[in-house]
Amino acid sequence: MSTTPMELNCDIKSIELADMGKKRIDWANQSMKVLQIIRKEFIKNQPLRGIRITACLHVTAETANLAICLRDGGAEVVLCASNPLSTQDDVAASLVRDQGIPVFAIKGEDNDTYYSHLQAGLDHKPQITMDDGADLVTLLHTKRKDILDGVIGGTEETTTGVIRLRAMAKEGVLNYPIVAVNDADTKHLFDNRYGTGQSTIDGIIRATNFLLAGSKFVVAGYGWCGRGLASRARGNGAEVIITEVDPTKALEAVMDGFRVMSMSEAAKLGDVFCTVTGNKNVLAKEHFELMKDGAIISNSGHFNVEIDIPALEKLSLGKRQTRDSVEEYTLRDGRKIYLLGEGRLINLAAAEGHPAVVMDMSFANQSLAAEYMVKNGSKLEAKVYSVPKDIDMEIARLKLESMGVTIDRLTPEQEEYLNSWSEGT
Ligand SMILES: NC(=O)c1ccc[n+]([C@@H]2O[C@H](COP(=O)([O-])OP(=O)(O)OC[C@H]3O[C@@H](n4cnc5c(N)ncnc54)[C@H](O)[C@@H]3O)[C@@H](O)[C@H]2O)c1
């Protein structure tokens, strides 16, 4: 199959990039063994036959394999980007040319284009929404209420999106059920921890070529992403400092052997800072005022609000681009602060996002959650639901199998023992 942008309603950078995109999609596919199994089942059983899906996700090689899997399951899929800087333009081109899947996404698009692409995704009149950060769902519930009635349900990929959707459900404004893919064990324990951990380090290094060994690396937030990032920074020889607001998480970081302190203290010490909190203004004016000359600041949380960039602009005499993905801010006292990737998730802005091996499990969850929604959506309330436990366990089982790892099974005696209360000493 070969489709041109003229034949398909889409908006991508250039169809000429498709050859490289195809290679990347194939490369990622090799590591997505669970998704391959699901795709085979989907081809046979067509569980998504005729279902319109609008997916608002990072347009990467791994996402391309998800889109192909959904399409092969019978769905009519349209893809738009969940972040203006995360699109791999060559992948978008191959999806259009080789798969005939409409894509609305261009790396570096401005805010207006970003939202016009989401609107184009919604023009598809989705029955299932697949979101990463809840921008698509929010737009649907505010400016595109006209098509809300046709939606069966949706899925959400990330922590920040799940938090927003739970807030919508609590206020009674969410109109349809959503499965929180992020909350599956086979998602956040691996994607957020190992995926974000490794790819964030990759993004920071690709952007700066900075030597982590011997540096002081400050991680804001010791959640799933923060844990992964801290362990990978330590593995690269950095002295890692954690900042937190949750006493239990802070205590865990202390017992994992990290230094824990307030950001006001850490600001004076850090060479590299990375926020992964899902919160806003975690690095703010009072912290920039304390930072060392040459401090590098970055974010890997979902939105570009974790670093107060307007405050940094106000403190600065000027800024200039010094490398791809690096802006140098010169403060009034002459100190320089380097902002990476415009404060957007640095693992996607300056690197390639999570490795396919972990996205395999995240997108296996997405595919099976979409199937679950098609089967059960009409019976569910307009709430945020967990991925059913049997789906989560099955993905773990398939992943282990694909890695050639065998585990023990409970004997009948052990099962009985675990289910009874009568046996003691
Ligand atoms: N870069 C990526 O590819 C990627 C992947 C997965 C998730 N995410 C995003 O990363 C963010 C974190 O996700 P997570 O799964 O680790 O969430 P999480 O809820 O497990 O962890 C967030 C942590 O940040 C802490 N925190 C909140 N405000 C803080 C503050 N002001 N200072 C210090 N700590 C603070 C919280 O107490 C919590 O422990 C979210 O925005 C999520 O959507 C990004």
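Remember, it's 1-based here, ligands and their atoms both numbered in the order they're listed.
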Would you mind writing out a table of all protein N or O atoms found under 3.5 Å from any N or O atom of ligand 1, naming both atoms and giving the distance to 0.1 Å?
residue	atom	partner	partner atom	Å
ligand 1	1 (N)	Ser300	O	2.8
ligand 1	1 (N)	Ser300	OG	3.1
ligand 1	1 (N)	Asn347	OD1	3.1
ligand 1	1 (N)	Asn347	ND2	3.3
ligand 1	3 (O)	Asn347	ND2	2.8
ligand 1	13 (O)	Thr159	OG1	3.4
ligand 1	15 (O)	Thr159	OG1	2.7
ligand 1	15 (O)	Asn192	ND2	2.9
ligand 1	16 (O)	Trp224	N	3.2
ligand 1	16 (O)	Cys225	N	2.9
ligand 1	20 (O)	Trp224	N	3.1
ligand 1	28 (N)	Asn279	ND2	3.1
ligand 1	37 (O)	Glu244	OE1	2.9
ligand 1	39 (O)	Glu244	OE2	2.5
ligand 1	39 (O)	Lys249	NZ	3.0
ligand 1	41 (O)	Thr160	OG1	2.5
ligand 1	41 (O)	His302	N	3.0
ligand 1	43 (O)	Thr158	OG1	2.6
ligand 1	43 (O)	Thr160	N	3.1
ligand 1	43 (O)	Thr160	OG1	3.3

I'd like to know if the side chain of [X] pairs up with that of [Y] as donor and acceptor (distance under 3.5 Å, no hydrogens or angles considered).
{"X": "Thr186", "Y": "Asp392", "answer": "yes"}
{"X": "Asp256", "Y": "Tyr222", "answer": "yes"}
{"X": "Asn83", "Y": "Asp135", "answer": "no"}

Using the side-chain contact (heavy atoms from CB on, under 4.5 Å) rule, pick out the option among Lys22, Lys23, Gln88 that qualifies with Ser94.
-> Lys22
Applying ring-ring contact (aromatic ring centres under 6.0 Å, His included), run through His354 and Phe363 and close with a yes or a no.
-> CA-CA 12 Å; His354 297 8; Phe363 287 164; 9.5 Å; no
Parallel, tilted or perpendicular: which describes the rings of His188 and Trp224, with under 30° parallel and over 60° perpendicular?
->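 Plane angle between 30° and 60°, so tilted.
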